[in-house]
Amino acid sequence: MSSLSRPTAVRGPALTFTGDPFRDGLDRTMVHEPDAIVVMQDGLITQFGPAARIAPLLPAGTPVRDFGRDALISAGFIDTHVHFPQMPMIASYGTQLLDWLERYTFPAELKFADRTYTRQVARRFLQETLRNGITTSCVYCTVHAHSADILFEEAEALGLRLAAGKILMDCNAPEALRDTAQSAYDESRALILKWHGRGRLLYAITPRFAGTSSREQLEAAGALWREHPDCLMQTHLAETEAEVAWIKELFPERASYLDVYDHYGLCRKRAVFGHGIWLGDDELQRLHEADAAIAHCPTSNFFLGSGMFDITRAIRANRPVRVGLGTDIGAGTSFSILQTLNEAYKAAQLNRHPLSAAHAYYLATRGSAAAMHLEDKVGSIAPGMEADLVVLDMRSTPLIAFRMDEARDFAEQLFVQMILGDDRAVQATYVAGRPAYSR
């Protein structure tokens with residue numbers, strides 16, 4: 001947290017959530033203030049409410065940036081599943097998951113043996129997240145320990161809230177990208193001791209997926225997490241039918257794909273499983289019991305032809321699973337959370353359950369914070385929360401401006417943004433109360 005000598009504030013229409021609208025309804029959880037002021041000091045939000053109430057309370061001389069009535073102030077967007085080393089291979093043509101890893105991903109990640117290249121990509125990655133209003137990410141690095149070190153260094157310099165981890169991968173991958181069960185444990189432990197809880201940074205223990213980790217490595221990952229239970233754990237789960245079948249061949253003794261992770265102590269609170277498209281009801285029940293989360297990555301799922309995640313099934317009232325939103329760069333096709341919500345809407349439509357814009361914005365903010373068990377720190381606008389904000393331009397393109405003139409209410413305005421909006425809609429991003437990006 002950077003220390004600010006005096007309060008600053010932003011003004012404009014604002015949207016935030018006080019709870020889960022899927023569970024408790026929008027009327028009880030959504031807060032829309034047509035003219036709000038958010039006051040920030042020492043990295044935290046100190047006041048929030050209607051401008052008419054907050055303005056008289058501001059100390060004399062408090063700078064207030066007024067974004068006007070065509071803006072929307074929100075908690076910063078949160079990306080619960082992204083691979084920063086895959087940024088150089090985004091938009092790679094023509095294969096599905098397992099072939100895509102062999103043809104594109106592994107060759108791209110080999111380049112990260114070079115520290116200079118790693119730093120160049122890490123900087124570009126973080127710049128792009130801020131340009132898209134993303135203020136918290138849960139990030140996969142490469143197998144190289146320095147890939148995590150460098151990303152943490154760059155994120156720390158920006159004051160970001162970020163979780164990341166070096167990949168654990170000791171089989172079914174190129175030799176130059178393999179570690180061992182012991183080296184994975186040792187390097188990850190050293191990174192945890194150096195970075196976890198340092199400033200706003202968190203460590204995520206990161207076995208790539210069960211197909212690239214031996215039983216010994218999964219056992220080591222479970223042991224490491226038991227020793228450092230306040231870390232996150234991230235991995236992939238049931239992304240494609242072919243992958244599910246392959247995991248069954250590799251681990252015939254386990255009842256399901258999730259049971260592989262569960263057996264090694266990798267299914268519990270603060271676990272974030274990428275994708276989760278092809279899960280059985282028993283697996284969803286177990287995720288609910290464990291208080292683990294799924295990262296919904298719709299642009300990636302459609303790009304690779306993996307399938308359509310059914311969020312309604314995942315959050316079923318009798319056993320709701322935490323669900324966040326992920327760009328999944330580089331199988332994912334856009335850093336824009338608005339474009340990611342566009343694709344999430346299409347996945348919901350194909351599953352015959354429309355996703356309202358307000359529910360979608362919850363997913364992109366407080367819902368994703370909850371998936372990472374950070375809803376007490378980020379994801380909403382309220383006193384005491386970390387001052388991470390994104391300010392949208394609700395008329396960012398000529399077409400959107402034209403369409404907004406026809407919108408009947410705020411719900412329709414929001415929907416226009418998530419279907420037609422992209423990175424051009426982000427006019428400002430604040431990190432710990434400081435401007436981090438301005439269009």
Side-chain angles (χ1 to χ4, degrees), residues 1-21 24-78 130 133-136 159-161 200 337 357-370 374-394 410-411 413-414 417 425-438:
M1 290 286 185
S2 63
S3 179
L4 302 179
S5 59
R6 59 175 182 167
T8 61
V10 293
R11 181 172 181 172
L15 172 68
T16 191
F17 297 87
T18 60
D20 181 349
D24 299 323
L26 288 171
D27 290 345
R28 295 175 58 190
T29 59
M30 188 177 88
V31 177
H32 172 226
E33 291 288 354
D35 183 16
I37 290 179
V38 184
V39 187
M40 303 171 285
Q41 187 172 15
D42 297 330
L44 300 176
I45 295 167
T46 57
Q47 297 180 79
F48 167 63
R53 178 171 64 83
I54 300 297
L57 304 177
L58 295 175
T62 299
V64 180
R65 183 172 178 185
D66 190 340
F67 285 95
R69 64 185 181 88
D70 291 324
L72 184 66
I73 301 167
S74 163
F77 294 137
I78 297 172
L130 290 171
I134 298 167
T135 53
T136 295
L160 287 168
R161 167 70 67 187
R200 305 182 72 201
I337 294 298
H359 288 88
Y361 276 75
Y362 163 79
L363 278 180
T365 54
R366 188 183 178 100
S368 287
L374 291 175
E375 65 267 43
D376 61 331
K377 294 180 173 63
V378 293
S380 55
I381 303 175
M385 300 294 287
E386 294 173 4
D388 292 348
L389 302 173
V390 58
V391 184
L392 299 181
D393 174 2
M394 300 287 274
F410 181 63
Q413 292 174 358
L414 271 186
Q417 301 305 314
V426 176
Q427 57 177 320
T429 305
Y430 288 79
V431 170
R434 294 180 295 114
Y437 166 77
S438 183

Given Val64, Ile37, Asp35, the one that forms side chain to side chain contact (heavy atoms under 4.5 Å, CB included) with Ile54: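 It is Ile37, the one option of Val64, Ile37, Asp35 that forms the side chain to side chain contact (heavy atoms under 4.5 Å, CB included) with Ile54.
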Within the structure provided, determine whether [X] and [Y] are in side-chain contact (heavy-atom separation under 4.5 Å).
{"X": "Thr16", "Y": "Thr365", "value": "no"}
{"X": "Ile78", "Y": "Asp388", "value": "no"}
{"X": "Leu57", "Y": "Val39", "value": "no"}

Shortest non-hydrogen contact from [X] to [Y]?
{"X": "Tyr430", "Y": "Phe67", "value": "OH-CZ, 3.6 Å"}
{"X": "Glu375", "Y": "Met385", "value": "O-CE, 3.4 Å"}
{"X": "Ala71", "Y": "Gln427", "value": "CB-NE2, 3.6 Å"}
{"X": "Ala364", "Y": "Ile337", "value": "CB-CG2, 3.6 Å"}
{"X": "Asp393", "Y": "Gln417", "value": "O-OE1, 3.8 Å"}
{"X": "Gly433", "Y": "Met40", "value": "CA-SD, 3.8 Å"}

Quick check: does any side chain N or O of [X] sit under 3.5 Å from a backbone N or O of [Y], one acting as donor and the other as acceptor?
{"X": "Thr62", "Y": "Pro7", "value": "no"}
{"X": "Glu33", "Y": "Pro13", "value": "no"}
{"X": "Arg53", "Y": "Phe48", "value": "yes"}
{"X": "Thr29", "Y": "Thr18", "value": "no"}

Spacing of CG belonging to Asp70 relative to CG belonging to Leu392, to within rounding of 0.5 Å: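 Interatomic distance, Asp70 CG to Leu392 CG, rounded to 0.5 Å: 12.0 Å.
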Atom pair NE2 (His32) and CG (Leu414), whose distance is rounded to the nearest 0.5 Å: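 Result: 7.5 Å between the selected atoms.
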Verdict with reasoning, Leu130 to Leu160, per side chain to side chain contact (heavy atoms under 4.5 Å, CB included): CA-CA 10 Å; Leu130 290 171; Leu160 287 168; 3.9 Å; yes
Test side chain to side chain contact (heavy atoms under 4.5 Å, CB included) applied to Glu386 and Thr136, step by step: CA-CA 11 Å; Glu386 294 173 4; Thr136 295; over 6 Å; no
Side chain to side chain contact (heavy atoms under 4.5 Å, CB included) assessment of Val378 paired with Thr135: CA-CA 9 Å; Val378 293; Thr135 53; over 6 Å; no
